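Reviewing the structure listed below.
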Amino acid sequence: MAARTLTYVLGLWQFFAAFAIPRERPSFWTAWSLGLLAAVLAVVGMTRRRARYGGLAVGLLVAASALVLPHETPIAWWNDVAVGSALAALSLVPGTMYSTRRRRATA
């Protein structure tokens with residue numbers, strides 16, 4: 001499903017944005033760790049339906065970190081708000097990329 005692929009891309013973006021956008025130390029650690037976790041959960045969510053709820057939690061944490069943690073630049077703040085909101089919204093899209101049904105072996 002395209003939602004998991006977009007979640008994966010957004011997770012990687014959040015990871016790399018931690019290094020590309022100047023940030024305070026707590027914001028830096030939160031951005032790269034939650035970005036990496038979002039990417040991993042997106043890959044797991046391609047085959048497991050319930051993994052998207054972990055993506056919802058990560059998206060809400062990224063958005064909440066923008067409100068709680070200090071940011072060195074407004075760009076970092078807006079990035080966290082946008083990425084967190086998008087991750088949370090994409091996690092509400094149901095479905096997986098691959099079929100989870102087991103196929104019977106025919107002999």
Side-chain angles (χ1 to χ4, degrees):
M1 174 140 261
R4 301 306 150 249
T5 305
L6 285 173
T7 301
Y8 177 72
V9 170
L10 282 172
L12 288 180
W13 166 253
Q14 184 69 6
F15 174 78
F16 289 116
F19 299 96
I21 301 172
R23 297 173 175 268
E24 297 285 335
R25 187 173 293 276
S27 175
F28 169 77
W29 288 100
T30 303
W32 79 260
S33 60
L34 289 177
L36 192 60
L37 182 60
V40 168
L41 285 172
V43 170
V44 173
M46 291 180 183
T47 58
R48 307 231 189 277
R49 293 181 190 269
R50 292 190 180 186
R52 67 188 178 100
Y53 297 118
L56 175 64
V58 170
L60 293 175
L61 282 172
V62 170
S65 73
L67 302 174
V68 175
L69 298 176
H71 289 76
E72 191 170 318
T73 64
I75 296 171
W77 186 85
W78 279 109
N79 178 72
D80 290 352
V81 169
V83 171
S85 301
L87 286 173
L90 285 171
S91 70
L92 299 176
V93 177
T96 60
M97 189 171 227
Y98 304 104
S99 175
T100 57
R101 289 186 279 170
R102 295 180 186 231
R103 296 184 182 159
R104 278 190 213 174
T106 55

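This one's a predicted model, so the numbers in the text were calculated from it and none came from an experiment. Residue numbers run from 1 in the order of the sequence given.
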Of all pairs that satisfy salt bridge (charged side-chain N to carboxylate O under 4.0 Å, His left out), the ones with a partner from residues 77-87, not counting sequence neighbours: Arg23-Asp80
Carefully, step by step, assess Leu34 and Gln14 under the rule side chain to side chain contact (heavy atoms under 4.5 Å, CB included). CA-CA 8 Å; Leu34 289 177; Gln14 184 69 6; 5.5 Å; no
Hey, any chance Leu12 and Val40 share a hydrophobic cluster, counting ILVMFWY side chains that come within less than 4.5 Å of each other, even indirectly? no
Taking CD1 in Ile75 as the centre, count heavy atoms belonging to other residues, nucleotides or ligands within less than 6.0 Å. Is the count above 12? no
Between CG on residue Leu61 and CG on residue Leu87, distance to nearest 0.5 Å: 10.5 Å
Ignoring hydrogens, what is the shortest heavy-atom contact between Arg52 and Ser91? Give both atom names and the distance. NH1-O, 2.9 Å
Taking every heavy atom of Thr30 against every heavy atom of Ser65, the minimum-distance pair comes out as CG2-CB, 3.8 Å
On a heavy-atom basis, the closest approach of Leu90 and Ala3 is O-CB, 4.0 Å
Looking only at heavy atoms, what is the nearest atom pair of Pro70 and Ser27, with distance? O-CB, 3.5 Å
Interatomic distance, OG1@Thr47 vs CZ@Arg4, rounded to 0.5 Å, equals 11.0 Å
Side chains of Asn79 and His71: closer than 4.5 Å at any heavy-atom pair? no
For the hydrophobic clusters of this structure (ILVMFWY residues joined by side-chain heavy atoms under 4.5 Å, transitively), does one cluster hold both Val83 and Leu6? yes
Cluster check Trp29, Phe16: I/L/V/M/F/W/Y, side chain < 4.5 angstrom: yes
For the CE atom of Met46 and the OG1 atom of Thr7, what is their distance to the nearest 0.5 Å? 8.5 Å
Could you tell me which non-hydrogen atom of Leu10 sits nearest to which non-hydrogen atom of Ala86, and how far apart they are? CD1-CB, 3.5 Å
Please find the pair of heavy atoms, one from Val58 and one from Ala38, that lie closest to each other, and give the distance. CG1-CB, 3.8 Å
Considering residues, nucleotides and ligands other than Phe15, do more than 12 of their heavy atoms fall under 6.0 Å from its CZ? yes
Going only through I, L, V, M, F, W and Y residues with side-chain contacts under 4.5 Å, is there a path from Trp78 to Leu67? yes
Min side-chain heavy-atom separation Phe28-Phe19 under 4.5 Å: yes
